[in-house]
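First up is the structure itself, then whatever we jot down about it.
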Amino acid sequence: MAKVIPLTDARTRDARSLDALVREAAFGPGQDARDVADQRGRRLHDLRISVTDRCNFRCVYCMPKDVFGRDYPFLPHAELLTFEEIARVARRFVELGVRKIRLTGGEPLLRRGVERLVEMLAAIDPGLDITLTTNGAILERKARDLRNAGLKRVTVSLDSLDDATFRAMNDVDFPVAKVLEGIEAAAAAGLAPIKINTVVKRGMNEHSIVPLARRFRGSGHIVRFIEFMDVGATNGWRMDEVVTAAEIVRVIDREHPIEAVDANYSGEVAERWRYLDGAGEIGVIASVTQAFCRDCTRARLSTDGKVYTCLFANDGFDLKGLLRSGVSDDQLRNAIVAIWAQRADRYSEIRSAATARAPKVEMSYIGG
Ligand code: SF4
């Protein structure tokens, strides 16, 4: 490879280039690229692809209006990876062991023609678990086409059933009823099981925990309650605003008794709990109080083609530069191997008030 691509990850102190890492990680004959593990022995399993940094909501914990206002410099179109580039990178990740791909954003349904991307990803391997996280605002319109394109499941973010609370949290006065219609349309299209993600922030929506659990009991949908995290640098996170997973479980258990269930697979993010009366299950994501870095097998591809190996990273590795410099597929795969092999991330294990203030990439750019 002729061109040296600077390694832009600020966490790496020496100025090695991605080019050098690629050469170190090059595979010899007979070696299986899927054997690649990071510095803590974690293998690649999940790839999250952000397809846009834009969103039609301004959720207070993710894209607060005072930061993401009218003048916010979102990425220009030429900076975004094309669908062809995304599919080419995704194919290399699949060759390295990825079995699950999640499209995120921003709001992924805002990327024009996203169904075509789903189709291209589904063509990589019919066994791939392809899913998408959405705020549900335009899901009703899109659900059928997404399903036809090869999407298997969908996760809908929904922080409250109370209309006033929901409108306040999305900060664009969007009604909860429209999101519920989107969930119904997704279910009718066969995008099941539907997961509903609820970030719980103290003083904001903890009164919504039981109504949400109750509303989706018996529906086959799985509500997953998520501890409020210090994502990005703009959400003003404080530990006393975290409603802990233990507290969430206690509150639900008081109304509708639940018991813990084993994980579906090693590395599953949500702890599973099922209703004793057989009305289904919920999940709890204890990202703050019970870090799950040890089993974290997720890589993230940003809208502009950087690979991040942690949600709380400050910077990523510029694959777009590599892609557009005319590298071969083998070189591209080696670059990914190199990035993964040097990974040592464990942010949630070392989180503190000080790390919460450290610079981090915004979730709306990298995907949740
Ligand atoms: S903090 Fe980083 S390494 Fe830990 S679980 Fe989250 S994304 Fe994975």
Side-chain angles (χ1 to χ4, degrees), residues 8-12 36-50 61-62 93 96-106 131 133 155 157 195 197-201 224-235 237-239 241-242 244-245 263-272 283-303 306-317 319 336-368:
T8 53
D9 191 319
R11 292 162 296 160
T12 305
V36 66
D38 73 5
Q39 300 283 310
R40 306 181 78 205
R42 300 167 294 191
R43 294 182 192 284
L44 258 174
H45 182 269
D46 304 64
L47 175 63
R48 297 188 177 204
I49 303 173
S50 174
Y61 58 81
C62 181
F93 270 97
L96 293 169
V98 160
R99 301 306 305 150
K100 179 173 168 186
I101 295 181
R102 176 176 297 281
L103 298 183
T104 70
T131 179
T133 300
T155 298
S157 304
K195 291 182 180 159
N197 277 359
T198 302
V199 174
V200 187
K201 183 177 178 190
R224 306 190 317 164
F225 297 96
I226 303 169
E227 291 179 346
F228 176 52
M229 285 184 283
D230 49 330
V231 286
T234 54
N235 81 349
W237 181 87
R238 292 203 327 257
M239 185 64 207
E241 291 173 328
V242 178
T244 65
N264 284 311
Y265 58 90
S266 152
E268 187 172 31
V269 171
E271 283 172 27
R272 299 172 60 208
V284 185
I285 302 183
S287 18
V288 175
T289 59
Q290 292 163 50
F292 37 76
C293 301
R294 209 181 45 186
D295 295 322
C296 179
T297 52
R298 291 177 290 285
R300 293 175 159 83
L301 180 65
S302 71
T303 316
K306 286 185 180 170
V307 173
Y308 289 81
T309 55
C310 179
L311 175 58
F312 299 92
N314 180 32
D315 206 350
F317 300 88
L319 268 199
I336 297 167
V337 168
I339 292 165
W340 192 258
Q342 62 78 56
R343 173 187 192 242
D345 301 279
R346 56 183 195 103
Y347 178 84
S348 287
E349 290 179 359
I350 55 169
R351 175 186 281 111
S352 68
T355 63
R357 284 192 300 275
K360 297 182 214 88
V361 70
E362 292 300 332
M363 189 167 71
S364 51
Y365 159 79
I366 194 180

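Whatever order the structure lists ligands and atoms in, that order sets their numbers, starting from 1.
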Could you tell me, atom by atom, which parts of ligand 1 come under 4.0 Å of a heavy atom of Arg300?
7 (S)

In ligand 1, the atoms that come under 4.0 Å of a heavy atom of Phe292 are 5 (S)

Not counting sequence neighbours, which residues clear side-chain hydrogen bond (donor to acceptor under 3.5 Å, both in side chains) with Thr297? List them please.
Asp46

Please name all residues satisfying side-chain hydrogen bond (donor to acceptor under 3.5 Å, both in side chains) with Ser157, sequence neighbours left out, ordered by chain then number.
none

Does Glu227 use its side chain to pair, donor to acceptor, with the backbone of Thr289 at less than 3.5 Å?
yes

Could you tell me whether Arg40 approaches ligand 1 through its side chain, its backbone, both or neither, with non-hydrogen atoms closer than 4.0 Å?
neither

Considering residues at least two apart in sequence or located in another chain, which fulfil the side chain to side chain contact (heavy atoms under 4.5 Å, CB included) criterion with Ala270?
Arg224, Ile285

Here atom 2 (Fe) of ligand 1 sees protein N, O or S atoms within less than 2.8 Å, and their number is 1

Would you indicate whether the side-chain heavy atoms of Thr104 and Arg300 approach each other to under 4.5 Å?
no

What one should report as the nearest heavy-atom pair of Arg42 and Cys293 is NH1-O, 2.7 Å

Side chains of Thr155 and Asn197: any donor to acceptor distance under 3.5 Å?
no

